[in-house]
Amino acid sequence: MDPKPLWLLAELTYKCPLQCPYCSNPLDFAGPRFKRELSTDEWCRVFREAKALGVLQLGLSGGEPTLRSDLEELVREAHGLGLYTSLITSAYRLTKERLAALKAAGLDHVQISIQGADAELSDAVAGTASYRDKIAAYHYTRELGFPLTVNVVLHRRNLHQVEALIRLAETLGAERIELANTQFYGWALHNRDVLMPTRAQLDEAWQVVQRERARLGTKLEIVWVLPDYHEQYPKPCMGGWARAYMTVTPAGEVWPCHAAGRITSLRFENVRDRPLDWIWEHSDAFTRFRGDAWMPEPCRSCPRKAQDFGGCRCQAFLVVGDAGVTDPVCSLSPHRPLIDAAVAEVERAAAAGAAPDEWTYRAAPASRALAAKG
Amino acid sequence: MSPPPPPPVAVTAVPRLHPKARLQRDDVRGRDVLLYPEGLVVLNATGTAILGLCDGVRSIAQVVAALEQRYGAPAGTVKPDVSAFLDGLAAKGLVTYGP
């Protein structure tokens, strides 16, 4: 049976008041490729086509999705279609009135990021004073009866706060906390050497997670997104290429995941030119790595291929330069030494007590400079 | 390192769908699903029937009785399936039991 998508991530805009150095948006987000944002009508058509194609879960993301003044209208359309709609926001300047309007429009779930357990670290990582807005919005969210997910991207500078972050989510009455170890794409790859934690940091945080899961049970779901550079096998990225998931970018390009646009060897289609079902079934970007016929060794004869789908195509492209090879984080990949070298360099620097480099914040001027450099 | 299993739930308890979960028809695949933040549970016809009876008023015993009557099932045969189904959803935080 042909797979049908269950998930749509709608990246409504790449504008964002925060400047997190691990942002998964493209490095050239400020460039011409993403300039002409889809209109309200175009997004509503995308939602209708997605629902007809089988999508049930919709994520409204960005950039910062609340910068779209038509957000309530988009939520109303999605809700009318029966999509389970999640808002993925930084909560910067998010008021209770806005959240109430989104609730009335049919929004199902709110996910608010935080960059650290206290204002000092959270604001330093975000590059924008936003901690107070976030804490206020967490409370509004609960007061309005939304289920709440607290999302934290973990890296070298905040992994020591895992326990405090879990306690914060518990105090706020959140349903879930997503502890997402940095995946190295977009800005995170650009800042990889600064963000990558040591093995000791990861082991300690994992001990905390296990202890807190035992203490909290079903009261608070703790999601731990694996740090794949430190794993033996790759993650089953997106549950397999083009099997369940699609991303529509602010200007209408359709990608099999939110990082795939960097793969220069793929041809991407736009919802302005083609219906979504055609793109899902026939476009080069979606068909190239669907199934397992594309797989080289060691994946082809590997019993794990139905489990991890060969790992991540973006990672293969970004690290090896070829999207069609085994994910280099796999210990069976001939390219694993590239990953080991990056990990070893971090361990070496930490052992030597070297002062860490500064990261590049995700911001439009830096984006344009990087895009110009190619 | 998982918490101890909760004690068995009394048949007088009233099962409720957690507000974060929503029943939804999946037309494309011809089935019902329970949607919740970042996930879904695929329901079979029995699952849909059970959740349809969980109105926040009926107790487990009353849900079981209604199903036995609807399907003409002998008394006592439905209860284990209903409890297993609801307990499974409760473990995911999708169903809560109240007075």
Side-chain angles (χ1 to χ4, degrees), chain A residues 1-7 9 50-59 79 81-88 103 106-111 141-142 144-151 174-178 180 206-207 209-221 223 225 244 277 280, chain B residues 1-10 13-45 47-48 50-52 54-56 60 82-99:
Chain A
M1 196 184 78
D2 282 346
K4 300 283 183 199
L6 276 168
W7 308 80
L9 183 72
K51 181 63 178 21
L53 191 51
V55 167
L56 297 170
Q57 288 271 6
L58 172 67
H79 180 72
L81 291 164
L83 296 168
Y84 193 96
T85 306
S86 298
L87 177 67
I88 301 161
K103 178 87 181 166
L107 184 66
D108 290 293
H109 164 227
V110 178
Q111 172 175 318
T141 303
R142 297 306 294 159
L144 291 164
F146 281 113
L148 169 65
T149 295
V150 174
N151 171 278
E175 325 281 335
R176 313 168 65 235
I177 179 168
E178 258 184 33
W206 175 233
Q207 292 300 321
V209 167
Q210 286 175 294
R211 201 170 63 227
E212 290 290 273
R213 276 182 178 163
R215 183 177 69 83
L216 289 158
T218 55
K219 191 178 161 204
L220 173 68
E221 184 190 354
V223 180
V225 177
D277 63 344
W280 175 262
Chain B
M1 290 272 291
S2 55
V9 178
V14 176
R16 286 181 185 82
L17 205 52
H18 193 282
K20 72 182 172 186
R22 206 178 74 208
L23 265 171
Q24 176 69 43
R25 182 68 188 164
D26 179 1
D27 296 314
V28 170
R29 300 169 188 84
R31 64 188 189 184
D32 293 314
V33 292
L34 193 57
L35 299 173
Y36 57 93
E38 311 291 325
L40 75 154
V41 173
V42 175
L43 301 172
N44 59 22
T48 304
I50 294 170
L51 288 180
C54 294
D55 55 3
I60 295 177
V82 171
S83 287
F85 174 74
L86 291 175
D87 288 350
L89 294 180
K92 288 174 177 282
L94 300 174
V95 161
T96 57
Y97 296 111

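Just so it is clear, the structure is predicted and the values come from calculations on it, not from any experiment. Protein chains get the first letters and strands the later ones, always in sequence-line order, with residue 1 at the start of each.
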Side chain from CB out, backbone as N, CA, C, O: work out which of these in [X] comes under 4.5 Å of a heavy atom of chain B, or both, or neither.
| X | value |
| --- | --- |
| L6(A) | both |
| E221(A) | neither |
| L83(A) | backbone |
| K51(A) | both |

Stepwise side chain to side chain contact (heavy atoms under 4.5 Å, CB included) check, L43(B) with V33(B): CA-CA 5 Å; L43(B) 301 172; V33(B) 292; 5.7 Å; no
Side chain / backbone / both / neither for P19(B) at chain A, heavy atoms under 4.5 Å: neither
Side chain to side chain donor-acceptor pair (under 3.5 Å) partners of K92(B), counting only residues at least two apart: none
Pairing of E175(A) and K219(A) as salt bridge, 4.0 angstrom limit: no
Test log, rule side chain to side chain contact (heavy atoms under 4.5 Å, CB included), inputs Y36(B) and V41(B): CA-CA 9 Å; Y36(B) 57 93; V41(B) 173; 3.9 Å; yes
Euclidean distance, T141(A) OG1 relative to H109(A) NE2, rounded to 0.5 Å: 9.5 Å
